[in-house]
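In this text the structure is predicted, and so the values were computed from the model without any measurement. Each chain gets a letter, A, B and so on, in the order the sequences are listed, and its residues count up from 1.
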Number of protein chains: 2
Amino acid sequence: MGKCEQCIIKQFNSLKSLTTDELMRISKCKTSRIIKKGEVIFEEGESINGVYCVKDGICKLSKLSENGKDQIVKMVVKGQLLGQRSLINGESSNLQATALNDMEVCFIPRSEIIKDLQSNPKFSFDVLQDMAKDLKEADDVIVNMAQKSVRQRLAESLIYIHDTFGTNPDGTLSILLSREDFANIVGTATESAIRVLSQFKKDGLITTIGKQIKIENIEGLRRVE
Amino acid sequence: MGKCEQCIIKQFNSLKSLTTDELMRISKCKTSRIIKKGEVIFEEGESINGVYCVKDGICKLSKLSENGKDQIVKMVVKGQLLGQRSLINGESSNLQATALNDMEVCFIPRSEIIKDLQSNPKFSFDVLQDMAKDLKEADDVIVNMAQKSVRQRLAESLIYIHDTFGTNPDGTLSILLSREDFANIVGTATESAIRVLSQFKKDGLITTIGKQIKIENIEGLRRVE
DNA sequence: CGGGCCTTTGATTCGCCTCAACGGAGGTGG
DNA sequence: CCACCTCCGTTGAGGCGAATCAAAGGCCCG
């Protein structure tokens with residue numbers, strides 16, 4: 001098993017603010033885990049009792065609504081922490097986490113990391129900044145959901161995914177999402193999302209290579225009304 | 001001017017975790033301010049450079065969308081802190097704060113409070129818990145916006161306001177909001193909100209006393225589909 | 001080759017937005 | 001004191017966008 005103090009992935013998240021001593025202690029009690037595409041990491045209402053450091057792969061955080069649809073609230077990629085919120089308030093998760101591709105994660109038990117949170121101000125300040133960023137993004141999502149059309153939201157989601165998670169060498173989006181996933185991000189019916197996507201294709205804004213989507217005209221997407 | 005270390009309002013927010021010494025230091029540099037109903041406390045894009053402690057009154061946090069409507073994201077009442085997020089990331093505000101009634105606030109400059117955030121782990125942990133709660137609520141709002149009808153969202157908003165902010169002695173909601181405010185919380189047109197409210201009235205779920213709203217049948221509201 | 005699953009397209013229905021007109025409350029000036 | 005204005009609340013009619021229901025075409029896999 002790898003050692004946290006030597007792990008490069010921590011450079012991308014708040015764990016970088018821990019001291020070598022703290023990292024060594026965490027390294028001793030962490031567990032590593034491989035998660036297959038489609039597997040549920042934790043469910044809504046489940047007690048997580050720790051935090052996951054994502055070493056590789058991508059997952060979606062979603063919440064089931066009463067009508068049976070599952071709204072994607074956020075995506076967590078390689079380098080980020082998963083389960084921060086539950087770690088802090090000690091409550092069970094209000095979201096479900098599902099792997100979008102094969103993942104490798106390290107699990108750090110709550111009891112260990114909470115010590116550092118309460119004793120290392122630099123670390124907790126870093127976590128604070130993470131959460132502040134999440135909160136700001138969540139506010140933006142709320143406004144978009146409330147005020148924009150499905151067409152606009154889908155265009156913005158494509159741009160967001162493009163800018164945040166990048167592209168493969170052939171220009172396709174690096175994250176492979178089903179049409180249903182797109183619908184669940186935008187908060188619409190699958191058929192509606194499909195319709196809008198095929199309209200984008202007709203308009204030359206995107207092309208598809210198999211199931212992959214490639215953005216051809218990002219400026220055009222930005223101008224979508 | 002009052003002294004922070006003797007102020008009772010701090011019991012309701014993270015400032016309670018500061019030591020007497022820290023409070024005395026803050027007390028010296030804080031400024032008190034009266035804000036009239038309708039007045040804008042800070043605008044979107046404005047640098048706040050500090051945090052407000054709300055001693056009395058209520059305000060709304062909203063964000064202007066491109067179509068000119070202003071989406072209410074959160075309400076902040078007596079006892080809570082205002083501007084936490086900007087305080088932490090040091091960025092300008094992404095929201096506008098507007099007083100819903102006459103308010104009394106204390107402003108604490110960023111330079112002072114940030115010291116405590118970085119040196120007092122109990123304090124920063126408290127702030128973390130606040131933000132975790134905000135984030136959870138924001139996630140719920142996202143799901144509601146995406147998946148529920150205007151009718152359901154309005155019913156839930158009424159329940160939320162009732163449960164969170166309480167009622168006056170006559171049973172009316174303690175916060176007086178215009179129909180437009182309700183529309184801006186739910187993310188709909190003013191006329192739509194009005195229509196739904198009058199339907200609720202017909203169904204005996206609410207009554208109105210002047211501009212005040214009184215919930216008559218909260219269980220009925222919960223069952224709204 | 002057949003059976004799923006995902007994707008696509010069509011047709012219909014329904015919710016909500018928009019525009020428009022009207023009534024009442026409160027404030028202002030003659 | 002009344003006429004006027006403006007803001008807010010209310011109601012109606014029309015139209016658009018999205019949900020829903022239904023069905024057909026590709027693709028993977030046994």
Less than 3.5 Å apart, any donor N or O on the side chain of [X] or [Y] sitting next to an acceptor on the other?
{"X": "A:Q71", "Y": "B:Q147", "answer": "yes"}
{"X": "B:K201", "Y": "B:T207", "answer": "no"}
{"X": "B:D130", "Y": "B:Q84", "answer": "yes"}

Rounded to whole angstroms, how far apart are [atom1] on [X] and [atom2] on [N]?
{"X": "A:K201", "N": "C:dT8", "atom1": "NZ", "atom2": "C1'", "result": "9 Å"}
{"X": "A:Q147", "N": "C:dC16", "atom1": "CD", "atom2": "P", "result": "15 Å"}
{"X": "A:I194", "N": "C:dA11", "atom1": "CD1", "atom2": "P", "result": "17 Å"}
{"X": "B:R153", "N": "C:dG15", "atom1": "CZ", "atom2": "P", "result": "14 Å"}
{"X": "B:K69", "N": "C:dC17", "atom1": "NZ", "atom2": "C1'", "result": "7 Å"}
{"X": "A:K148", "N": "C:dC17", "atom1": "NZ", "atom2": "C1'", "result": "18 Å"}
{"X": "B:I206", "N": "D:dG9", "atom1": "CD1", "atom2": "C1'", "result": "13 Å"}
{"X": "A:L197", "N": "C:dT7", "atom1": "CG", "atom2": "C1'", "result": "11 Å"}

Q: Spell out protein contact along nucleotides 21-30 of chain D as letters: B when the base is contacted, S when just the sugar-phosphate is, - when no protein heavy atom is under 4.0 Å; keep the 5' to 3' order.
A: B---------
Q) Counting only non-hydrogen atoms, which of residues 181-190 of chain B are less than 4.0 Å from DNA chain D? A) none
Q) Can you find a heavy atom in the side chain of B:I213 that is under 4.5 Å from one in the side chain of B:T172? A)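 No, too far: nothing below the 4.5 Å cut-off.
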Q | Side-chain heavy atoms of A:I215 within contact of A:I218, under 4.5 Å | A | yes
Q.
Between A:S192 and D:dA19, is there a contact of a side-chain N or O with OP1 or OP2 at under 4.0 Å?
A.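 Checking A:S192 against D:dA19: at least one side-chain N or O falls below 4.0 Å of OP1 or OP2.
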Q. Should the pair B:F165 and B:Y160 be assigned to parallel (<30°), tilted (30 to 60°) or perpendicular (>60°) ring geometry?
A. perpendicular
Q: Evaluate the criterion salt bridge (charged side-chain N to carboxylate O under 4.0 Å, His left out) for residue pair A:E91 and B:K136; output intermediate values, then yes/no.
A: CA-CA 11 Å; A:E91 295 173 10; B:K136 183 177 174 181; 2.8 Å; yes
(Q) Would you compute the distance between atom CD1 of A:I35 and atom CE of A:M103 and round it to the nearest 0.5 angstrom? (A) 5.5 Å
Q) Between B:D70 and B:S62, does a side-chain hydrogen bond (donor to acceptor under 3.5 Å, both in side chains) hold up when you go through it step by step? A) CA-CA 6 Å; B:D70 150 285; B:S62 64; 2.9 Å; yes
